[in-house]
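Report on the following structure.
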Amino acid sequence: MKQVTFTLSATDGMARRGRIDTPRGEINTPAFMPVGTAGTVKAMYPEQVRDTGADILLGNTYHLMLRPGAERVASLGGLHTFMNWERPILTDSGGFQVMSLAKLRKLTERGVTFKSHIDGSAYELTPERSIEIQTLLDSDIIMQLDECIALPAERKEMERAMELSIRWADRSKTAFNNQQNRMLFGIVQGGDDAELRSRSAAGLQSIGFDGYSIGGLAVGEPQEVMFRVLSDITPELPADKPRYLMGVGKPDDILGGIERGVDMFDCVHPTRAGRHGHAYTRFGVINLKNARHRDDHRPLDEASPNPNCRRWSRAYLHHLVKTEEILGAMVLSQINLAYYQELTARARAAIEAGRMTDFAAETRAAWAAGDL
Ligand SMILES: CCCSCc1cc(N)cc2c(=O)[nH]c(N)nc12
């Protein structure tokens, strides 16, 4: 009996409100998933990540297989125990990070061999090994191994990578061996070509997965291309399975993804932007490196439900950022993650109330009019 299940509870246009139930807790969708690449959401205690409203966070096969090693994490009780996060974890399969980080990569039908970007040691990642690593980590939602290519790309290249990813999807499903305590997602590829995307979606559904990720986006294409691909492909995915848009994105990307039927999102942007002095508020993003803030005693947003948006002056946050004090990264990471969770929580409520169109218009108007 599958112990991880998805329930769709409301729709409004293409937007969906749902819930994934797992043995480690529920995931309310649309969901934003903070990225904890190497077993930590940078500059945040796990309790703080939960307090922002996150139901689930991400780990990464590539980083964890290099350091500290999947077998070592398993011997220490699995990733949840290792990092003191007892709620759900989703892990990526590692192929995307190999292609973007590793050295001396060699991709064949069997998988990908590479040298660690840390110490140059040699590794091989196959669909089977990726499933084994994610199982050793005891992840609750795991990904097939896939090949993601940057855009723009020649159609033949997009077709080759998409067809390889379907063959790897089949091997991933076999290696998964119908585990009941976690979900396995297939990953739709096909670049910006509608016919290739349709073939990928159909091929994955003939294999059968617990959920469907939309990969191959947020790889250099304009937002309108990403939105077109989403509008075309989400109606071709099963309505009763979760849809996860990988690596996306900024708040306006997420709002547009929700409007086009996406249930799950992840991105390093909120925490990375926080470490670089950018604060996300309901008025939009504020660059606290800018000298105009150095005498500004106002808080970021005195009406915010987040105490961190009320208790610090912009002048002080500017000072922390300019002096590269660790507290700056801590405060702004929390502010940004809390904003992303507030955005998705308000979207869930809007879908339940049948007012997604109004919510999206109000949110975009606030971004446009914001007094930054
Ligand atoms: C921890 C990071 C998760 S998302 C990484 C990611 C990001 C983006 N943008 C695309 C892809 C993709 O096509 N496939 C895979 N496996 N991962 C992708």
Side-chain angles (χ1 to χ4, degrees), residues 31-42 49 54 56-66 79 83 85 88-102 105 107 111-112 125-127 129-131 133-134 137 139-151 153 157-158 160-166 168-169 172 184-193 196-197 200-201 204 209 211-223 225-227 229-230 233 242-250 253-254 257 262-272:
F32 179 77
M33 307 182 286
V35 178
T37 304
T40 159
V41 177
K42 292 183 177 8
V49 175
I56 178 173
L57 57 77
L58 261 67
N60 207 302
T61 289
Y62 173 75
H63 296 80
L64 292 166
M65 72 186 280
L66 299 187
L79 186 55
M83 67 182 290
W85 171 269
I89 293 176
L90 181 150
T91 47
D92 196 5
S93 46
F96 180 82
Q97 293 73 27
V98 167
M99 301 315 278
S100 51
L101 289 172
R105 305 178 299 264
L107 189 140
V112 57
L125 196 58
T126 63
R129 177 58 179 158
S130 179
I131 296 297
I133 289 171
Q134 296 177 81
L137 298 175
S139 177
D140 303 286
I141 301 176
I142 71 176
M143 297 300 120
Q144 70 154 92
L145 186 67
D146 62 324
E147 185 191 359
C148 170
I149 59 171
L151 292 178
E157 183 60 5
M158 294 191 291
R160 180 201 58 74
M162 180 275 287
E163 290 176 340
L164 174 65
S165 293
I166 290 179
W168 282 1
S172 299
L184 172 64
F185 281 21
I187 304 179
V188 179
Q189 292 292 351
D192 58 4
D193 183 288
L196 295 178
R197 286 275 173 183
S200 180
L204 294 177
F209 288 93
Y212 294 86
S213 301
I214 301 160
L217 293 174
V219 291
E221 79 283 358
Q223 185 186 63
V225 171
M226 176 171 75
F227 283 171
V229 170
L230 291 177
I233 201 63
R243 301 149 182 183
Y244 161 29
L245 178 53
M246 305 188 87
V248 175
K250 293 185 179 176
D253 298 320
I254 289 171
V262 174
D263 304 308
M264 302 161 76
F265 303 85
D266 89 274
C267 195
V268 295
H269 185 71
T271 40
R272 184 174 292 169

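Counting starts at 1 for both ligands and their atoms, in listed order. Starting from 1, each residue takes its place in the sequence as its number. All values below come from the heavy atoms of this structure, side chains included, with hydrogens, waters and symmetry mates left out.
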(request) Measure across Val188 and Ser200 and return the closest heavy-atom pair with its distance rounded to 0.1 Å. (result) CA-OG, 3.5 Å
(message) Could you report the tightest heavy-atom contact between Arg129 and Thr126, atom names first, then the distance?
(response) N-OG1, 2.9 Å
(request) Would you indicate whether the side-chain heavy atoms of Val268 and Lys42 approach each other to under 4.5 Å? (result) no
(request) Determine the sole option in Leu57, Ile141, Asp266 for which the side-chain contact (heavy atoms from CB on, under 4.5 Å) test with Met33 is passed. (result) Asp266
May I have the N/O to N/O pairs between ligand 1 and the protein that fall below 3.5 Å, each with atom names and distance to one decimal?
unit_1, atom_1, unit_2, atom_2, d
ligand 1, 9 (N), Leu217, O, 2.7
ligand 1, 9 (N), Met246, O, 3.3
ligand 1, 13 (O), Gln189, NE2, 3.0
ligand 1, 13 (O), Gly216, N, 2.7
ligand 1, 14 (N), Asp146, OD2, 2.7
ligand 1, 16 (N), Asp92, OD1, 2.8
ligand 1, 16 (N), Asp92, OD2, 3.3
ligand 1, 16 (N), Asp146, OD1, 2.9
ligand 1, 17 (N), Asp92, OD2, 2.9

(message) Distance alone, cut at 3.5 Å: any donor-acceptor contact between the side chains of Gln189 and Ser165?
(response) no
(message) Quick check on Arg272: does its CZ atom have over 12 non-hydrogen neighbours (other residues, nucleotides or ligands) under 6.0 Å away?
(response) no
